[in-house]
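Just the heavy atoms: all of them, side chains too, but no hydrogens, waters or symmetry mates, feed the values below.
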2 protein chains.
Amino acid sequence: MTAKSRRANAAPQTRRPKAASRPRAAEAKREFPDERRQVLISEPARLFGSKGYENTSMRDIAAAVGILPGSLYHHFPSKGDLFIAVYSFAVSQSMDAVKAAVASRVEPWGRLEAACIAHMQGLLDKNRFAAVLVSHLSVDSLPEQVVILRDRYEAVFKELIAELQLPAGIDQRIFRLGLLGSMNWAITWYRPGGETPASIARKLLNAVRRG
Amino acid sequence: MTAKSRRANAAPQTRRPKAASRPRAAEAKREFPDERRQVLISEPARLFGSKGYENTSMRDIAAAVGILPGSLYHHFPSKGDLFIAVYSFAVSQSMDAVKAAVASRVEPWGRLEAACIAHMQGLLDKNRFAAVLVSHLSVDSLPEQVVILRDRYEAVFKELIAELQLPAGIDQRIFRLGLLGSMNWAITWYRPGGETPASIARKLLNAVRRG
DNA sequence: TCGCCAAACAAACGGTTGTTTGGTAGTTGA
DNA sequence: TCAACTACCAAACAACCGTTTGTTTGGCGA
């Protein structure tokens, strides 16, 4: 961020007020604006995820969306707010995928395995909608809202690990951070075509499995 | 990189030719130029490690060194070459620390633990000379020379893991990448003042320990 | 038909980026 | 003594950055 972000108040991604009055008039004449909105989120998500935040310019995003750079500011007040919107979308997408995968399993280690597979697939598979979640790594000074969303996502894993009934000698917090780190770091060495993300997830979990 | 790096040929960090003729004339009159060289490496290392490559400008580096921006180009042909020099320095520093720590232990798991502690301390402790090793994460297109250095460093862990005689069901490559990932990722959540890097390293290794 | 408004265009703004150029002290080797 | 060289300064360069401004377009409700 350029340390010069005016008007950083209010909830950013809560655009589209009076949303209830809009879809009433939609009679299949045109695509709904939500479809446009999705392009305005998924394209920067793809760019942020593959090139990183700093290496993705507003001009890059505008070109990918098919718009002029200045027009982006009709939808988002700043690049930072756009990133938060993208990050928020990625968190909810990935959290839905993880929860759905977990729901089909019953034993604790099986549930955690399903969560890890879903996490890795969102990170490394075709569309890679979750890659943006690990694209910052600025180490310091990432927006507070991003931290909140990240913690909310990791809380899902926190619960799954609590179910494991690990021995008392194991620190559950370090266990969680280590497991997530080993998965997230895979984005630095994973190459498509080789081992599948699901297989990698299973092997990473097997390394810490016991019993 | 800005995708427009001219003159990217030849070995970059192999500056200082005829280095053997220099220390002969040094009669304690002034500090050796090697001392200056160290500042020219350690300061950008500190900046790259804490703010990342993209967020560190040549003007930032020049100010930290105590020089004008253009003068940096007397020592390094480009920012990318400076990064490679810094990265190379960090790899050799960290590799020395790891090898020294390993030498004092005999049993395989103890040797790996010593290596992990040394790795984490270089990453997270006061000067954090190894933080630059994980400061890129550009996912794609990092210079080939950096990849070579990184692989050479990780080969140390590869040997230590081979000594462990892990069960046949454990993939040693994934085990190594997972362990290193769990440690490297700690730079995103570690805060000084709490648990020590050595303690974190021990706990992360304990999670995958067996026997 | 009128007024409104979201959405986009067209063109610039000031500032920062990595980098280049030309000159200049100070030391060094012959 | 003098040429050569190292290390640096001072000033600029073009390119790109995020962002702003003013205007145009097209569709919808009243």
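Going from atom CG of B:Leu164 over to atom CD of B:Glu159 covers 12.0 Å, rounded to the nearest 0.5 Å. Going from atom CG of A:Leu142 over to atom CD1 of A:Ile84 covers 9.5 Å, rounded to the nearest 0.5 Å.
If you measure from atom CZ of A:Phe76 to atom P of C:dA6, you get 16 Å, rounded to the nearest angstrom. Put simply, OH on A:Tyr73 is 5 Å from C1' on D:dT19, counting in whole angstrom units. Atom pair B:Glu54:CD and D:dC16:P shows a separation of 15 Å (rounding to whole Å applied). Following rounding to the nearest Å, B:Lys79 (NZ) and C:dT20 (C1') show an atom-to-atom distance of 17 Å. Taking atom CZ on B:Arg36 and atom C1' on D:dA7, their separation rounds to 9 Å, with Å as the unit. When the C1' atom of D:dA7 is taken as reference, atom CD of B:Glu35 falls 16 Å away, rounded to whole Å. In this structure, A:Met58 atom CE and D:dG18 atom P are separated by 7 Å, rounded to whole Å. Rounding to whole angstrom units, CG of residue A:Leu82 and P of D:dG18 are separated by 11 Å.
When the local axes at the two ends of the helix from C:dT1-D:dA30 to C:dA30-D:dT1 are compared, using 5 base pairs at each end, they differ in direction by 10° after rounding to 10°.
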What pairs of donor and acceptor atoms, side-chain ones from residues 146-156 of chain B against any protein atom, are under 3.5 angstrom apart with sequence neighbours left out?
| unit_1 | atom_1 | unit_2 | atom_2 | d |
| --- | --- | --- | --- | --- |
| B:Tyr153 | OH | B:Ser94 | OG | 3.0 |
| B:Tyr153 | OH | B:His119 | ND1 | 2.6 |
| B:Glu154 | OE1 | B:Arg176 | NH1 | 3.4 |

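Taking the side chain to side chain donor-acceptor pair (under 3.5 Å) definition, one finds that A:Asp60 meets it with A:Lys51, A:Ser57, sequence neighbours left out. Contacts of A:Phe48 classified as ring-ring contact (aromatic ring centres under 6.0 Å, His included), with partners at least two apart in sequence or in another chain: A:Tyr53, A:Phe83. Residues that satisfy the side chain to side chain donor-acceptor pair (under 3.5 Å) test with B:Glu195, not counting sequence neighbours, are B:Ser199, B:Lys203.
Across A:Lys158, A:Arg111, A:Arg105, a single residue satisfies salt bridge (Lys or Arg N to Asp or Glu O under 4.0 Å) together with A:Glu163, and that is A:Arg111.
The side chain of A:His75 places no N or O atom within less than 4.0 Å of a non-bridging phosphate oxygen (OP1 or OP2) of C:dA6. At C:dT16, none of the side-chain N or O atoms of B:Ser57 fall inside 4.0 Å of OP1 or OP2 (strictly under the cut-off). For C:dA6, neither phosphate oxygen OP1 nor OP2 lies less than 4.0 angstrom from any side-chain nitrogen or oxygen of A:His74.
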N/O to N/O distances under 3.5 Å, protein versus nucleotides 9-13 of chain D:
| unit_1 | atom_1 | unit_2 | atom_2 | d |
| --- | --- | --- | --- | --- |
| D:dC9 | OP2 | B:Leu68 | N | 2.8 |
| D:dC9 | OP2 | B:Ser71 | OG | 3.2 |

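B:Ser88 contributes no side-chain N or O that, together with a main-chain N or O of B:Ala85, makes up a donor-acceptor pair within less than 3.5 Å.
For the pair A:Leu160 and A:Ala115, the tightest heavy-atom approach, listed with the atom from each and the gap, is CD1-CB, 3.5 Å.
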